[in-house]
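Taking it in order: structure first as structure tokens, then the write-up.
Only heavy atoms go into these numbers, but all of them, side chains included; no hydrogens, no water, no symmetry mates.
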Amino acid sequence: MLRPIIMVNVDSGWANNSVNAVVFRKNSLATHGNVQYIAFYNAERFVVVGKRKSGSKDWELVKTKYQGNASDAHNMISLIVDGDGYLHLAWDHHNNPLRYAKSIAPGSLSLTEKLPMTGKVEGRVSYPEFHKMPDGSLLFFYRDGGSGQGNIVINKYNLQTKLWTQLHSNLIDGERQRNAYWQACVDTRGTIHISWVWRESPDVASNHDLCYARSTDGGVTWEKSTGEKYGLPINATTAEYAVKIPQKSELINQTSMFADALGNPYIASYWRDDGSLVPQYRLIYKAGNNWQSTNLGFRKTAFSLSGTGTKAIPIARPQIVAWPSGNTLAAAIIFRDEERGWKVSAATTKDITKGNWNVIDLTNTSVGSWEPSYDTELWKQKKILNLFIQNVQQVDGEGKANIPPQMIQVLEWKPGF
């Protein structure tokens, strides 16, 4: 039986592309204590930050002085709250200088002036994302450099000193021939998991293969799933390959991953098999000594990924969450598919290793080109899924639609069996 779903209105916002609703927002929503924070671009492309008490329908919203080039869907807003209650925000990045600020006090929605972090390799930032460690300190991942030749940078924020230091300026090295498009998560024990596809050029069709690494010491050293230590930086020769996937397989980049209470990683993505024209959602996980790849197999419509810029794609990149269900691990893969009327949908299973996926819709109406992002901290605390929802329209190749501002909502759902 589908558990009750609550939709909470926030405010209207920019909807002429998918910048408010891209999958790689880390995070669009973030809970600290009993307060949830949100950020988005309004109709005039100003950054708006807001907060509410958990479960409330009343938001306190503040339009900041910061404006972004929201016409480029890469230039999303990422936020997190550190262990002391300070809000941290990064916005408007696509190969440009770092734009970062934090709240002036714990719990405040007033932001500082733009700040540097470390002052190192902060001139060509893309895909900024925050991750919170169990001790309340923060990690900040971003790409330094352009598509096809960028490197992954990791900074760490110390809660005591309130200073950022750089752990790595080049964690995964494309050797000026390719770059890694990654997804990352921090599990409840503090292990950092990262997986990625390689891309050989700005053309999305050159995505290939799926690789994995983890860190058990806060991001300083990295290892394979076997425990074998990596020499850094990781490159195409030394990487652990979870799945080998050729170029031109409609393999998408920047999806999601999750790790259970035992530190086992789960990756959600999509691509098509050789001989098929239909990309399918996939679940990749480690079982014993081997990586497994499960084809959910419910899609019927073909499409092709090629070209540059942000694509107009008939399905969303997925998010995955998982939770204990008796002696098994249940899971939900959240997505949007033209086949299902562009709604927010979920594929759920009672046992992640056996499949038997059941597909349901979580909304009754279209969300256009929306992709899922959720409050990772709330999920860790309470196993409640809060999704950032907005009906947005993405025109192919970084185009811009012409639709009025659309209501931003938070979808509240507690999946389970």
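Asn356 and Thr349 share no donor-acceptor pair across their side chains, judged by distance under 3.5 Å alone. A side-chain N or O of Ser18 and one of Gln394 form a donor-acceptor pair less than 3.5 Å apart. A donor atom on one side chain and an acceptor atom on the other are not found under 3.5 Å apart for Gln247 and Ser206. For Trp370 and Gln406, the side-chain atoms include no donor-acceptor pair closer than 3.5 Å. Side chains of Arg199 and Asn207: a donor on one and an acceptor on the other come within 3.5 Å. There is no side-chain donor-acceptor pair under 3.5 Å between Trp413 and Tyr374. Between Ser137 and Asp135, the side chains place a donor N or O and an acceptor N or O closer than 3.5 Å (distance only, hydrogens not considered).
For Phe298 and Phe335, the ring centers are positioned less than 6.0 Å apart.
With sequence neighbours left out, the side-chain hydrogen bond (donor to acceptor under 3.5 Å, both in side chains) criterion links Asn9 to Gln409. Asn96 is linked by a side chain to side chain contact (heavy atoms under 4.5 Å, CB included) to His93, His94, Arg99, counting only residues two or more places apart in sequence or in another chain. Annotation: side chain to side chain contact (heavy atoms under 4.5 Å, CB included) contacts of Thr188 (sequence neighbours excluded): none.
Using a cutoff of 4.0 Å between basic side-chain nitrogens and carboxylate oxygens, Arg45 and Asp92 are not scored as salt-bridged. Salt-bridge check for Arg52 with Glu412: passed, with a basic side-chain N closer than 4.0 Å to an acidic carboxylate O.
The two residues Ile80 and Asn27 have their closest heavy-atom pair at CD1-ND2, 3.5 Å. The two atoms that bring Val23 and Lys26 nearest to each other are O-NZ, 3.9 Å, heavy atoms only. The heavy-atom pair separating Gln166 from Val121 by the smallest distance is NE2-CG2, 3.6 Å.
Within a 6.0 Å radius of NZ in Lys57, no more than 12 heavy atoms belonging to other residues, nucleotides or ligands are found.
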